[in-house]
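Notes follow once the structure below has been shown.
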Amino acid sequence: MQSLDYVDAERIGVLGVCAGGGYAVNAALTDYRIKAVTTVSAVNNGASFRRGWYGTDSDAAAVPTLQAVAQQRTAEAQGADPAYIPYVPEQPDESTPRDLVEAHDYYLTPRAQHPNAKNKQLFTKSMSRIFTFDAFHLVEDMFTAPLLIVAGSEAGSLWMSTELHSRVRSPKKLVVVDGGAHMDFYDVPKYVDHAVAEATPFFRENLAARPVEN
């Protein structure tokens, strides 16, 4: 970005939605060229996989899955076919969290389905790597950018936004939008407009052009 003539190298900001919010925070953690960050329906993917969508499990809940990964690796080394798992539920039922039911609707119906998105990931490689990832690792001491966090009051993922807000020490603001669920901020105009209305003045303030010193 900094190599482009129309980019002001001192005014680079990042907005991330869902897992992109976690990745945005993680990127700004070590790249101080990023001057401001906004997250919308933020997800810390590693924590979500370890602790469940609602964050109610312990990290140790990942152990049985990792044991299954180890067994599958051995099987594949001995000639078995690779195992794949879906990213969003293929057949939601009454036990599926509301947000993940809506994720099925978003990703697997004409609402936002794309033929190149097959809703599958390699079981052995994906699980072992995502379970040890923590997008918010060291944010207390190393995250320095101004931060805007937007999330819905009805989102099962809200705990990740509130946790992030409680841990970051840089200038920060948490906006919880009444009635909003996780997926609402993807394409439901009421909620997308609310997030944009918060992010626009935030970026204008924190990416404002600085006076040139003589």
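Computed from a predicted model, the values in this text were never measured in an experiment.
For residues 140-150, the pairs satisfying side-chain hydrogen bond (donor to acceptor under 3.5 Å, both in side chains) are E140-R167, D141-R169, with sequence neighbours left out. Sorted by first and then second residue, the side-chain hydrogen bond (donor to acceptor under 3.5 Å, both in side chains) pairs with a member in residues 19-44 read Q2-R33, Y23-N45, D31-R33, N44-D134; sequence neighbours excluded.
Contact detail for S153 and G179: the closest heavy-atom pair is OG-N, 2.7 Å. Between V25 and A135, the closest heavy-atom pair is CG1-O, 4.1 Å. A151 and S161 make their closest contact through CB-OG, 3.6 Å (heavy atoms, listed as atom of the first residue, atom of the second, distance). Contact record, N206 with A36: CB-CB, 3.9 Å, taken as the closest heavy-atom pair. The shortest non-hydrogen separation linking L15 to A199 is CD1-CB, 4.0 Å. The two residues A208 and R11 have their closest heavy-atom pair at C-NE, 3.9 Å.
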For K190 and D193, run side chain to side chain contact (heavy atoms under 4.5 Å, CB included): C-alpha distance rounded to whole Å, both residues' side-chain angles, the deciding distance at 0.1 Å, then the answer. CA-CA 5 Å; K190 172 183 176 181; D193 290 348; over 6 Å; no
Step by step, work out the side chain to side chain contact (heavy atoms under 4.5 Å, CB included) result for R50 and D57. CA-CA 7 Å; R50 290 190 304 272; D57 296 335; over 6 Å; no
Could you go through L164 and W159, starting from their C-alpha distance and side-chain angles, then the distance that decides it, and tell me whether this counts as side chain to side chain contact (heavy atoms under 4.5 Å, CB included)? CA-CA 8 Å; L164 175 62; W159 63 275; over 6 Å; no
In sequence, state the C-alpha distance, the side-chain angles, and the governing distance for R51 and S58, and then conclude on side chain to side chain contact (heavy atoms under 4.5 Å, CB included). CA-CA 6 Å; R51 296 161 60 186; S58 69; over 6 Å; no
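Connection of F49 to Y54 is not established within any shared hydrophobic cluster, with ILVMFWY side chains joined at heavy-atom distances below 4.5 Å, either directly or through further cluster members. Criterion: ILVMFWY side-chain heavy atoms under 4.5 Å apart, direct or through other members. Under it, Y191 and V150 are part of a common hydrophobic cluster. In the hydrophobic clustering of ILVMFWY residues, with side-chain heavy atoms under 4.5 Å counting as a link, M183 and V175 come out together. By the rule that hydrophobic residues join a cluster once side-chain heavy atoms approach within less than 4.5 Å of another member, M127 and V63 end up as members of separate clusters. Put simply, F203 and V196 are part of two different groups of oily side chains (I, L, V, M, F, W, Y) that touch within less than 4.5 Å, one to the next.
Residue Y87 places its OH atom among 12 or fewer non-hydrogen atoms of other residues, nucleotides or ligands, all under 6.0 Å distant.
Between V177 and F185 there is a side-chain heavy-atom pair separated by less than 4.5 Å. Between M1 and I12 there is a side-chain heavy-atom pair separated by less than 4.5 Å. Residues F143 and L138 have side chains not in contact (no heavy-atom distance under 4.5 Å, counting atoms from C-beta outward). Inter-residue side-chain proximity for N119 and L108 is flagged as met; some heavy-atom pair is nearer than 4.5 Å.
Here R98 contributes atom CZ and E102 contributes atom CD; the two are 4.5 Å apart, rounded to the nearest 0.5 Å. Atoms CD and CG, from E205 and L148 in turn, are 10.5 Å apart once rounded to the nearest 0.5 Å. Distance check, rounded to the nearest 0.5 Å: CZ of F133 to OG of S48 gives 12.0 Å. D99 contributes atom CG, which lies 8.5 Å from atom CG of D184 (distance to the nearest 0.5 angstrom). In this structure, F136 CZ and M160 CE are separated by 7.5 Å, a value rounded to the nearest 0.5 Å. Between the CG atom in L207 and the CD atom in E10 there is a gap of 11.0 Å [rounded to 0.5 Å].
Partners of V101 by side chain to side chain contact (heavy atoms under 4.5 Å, CB included), not counting sequence neighbours, listed by chain and number: P92, T96. In this structure Y186 satisfies the ring pair (Phe, Tyr, Trp, His ring centres under 6.0 Å) test together with Y106, H182, sequence neighbours excluded. In this view, K173 and E198 satisfy the salt bridge (charged side-chain N to carboxylate O under 4.0 Å, His left out) rule, not counting sequence neighbours.
For the pair K120 (side chain) and A117 (backbone), a donor-acceptor distance under 3.5 Å is absent. Looking at T200, its side chain never comes within 3.5 Å of a backbone N or O of A197 through a donor-acceptor pair.
A side-chain contact (heavy atoms from CB on, under 4.5 Å) with I149 is found for one member of L174, V40, V176, V37 and no other, namely L174.
Side-chain contact of Q72 with E76: a donor-acceptor pair under 3.5 Å is present, judged by distance alone.
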For residues 78-86, which side-chain donor-acceptor pairs fall under 3.5 Å, sequence neighbours excluded?
none

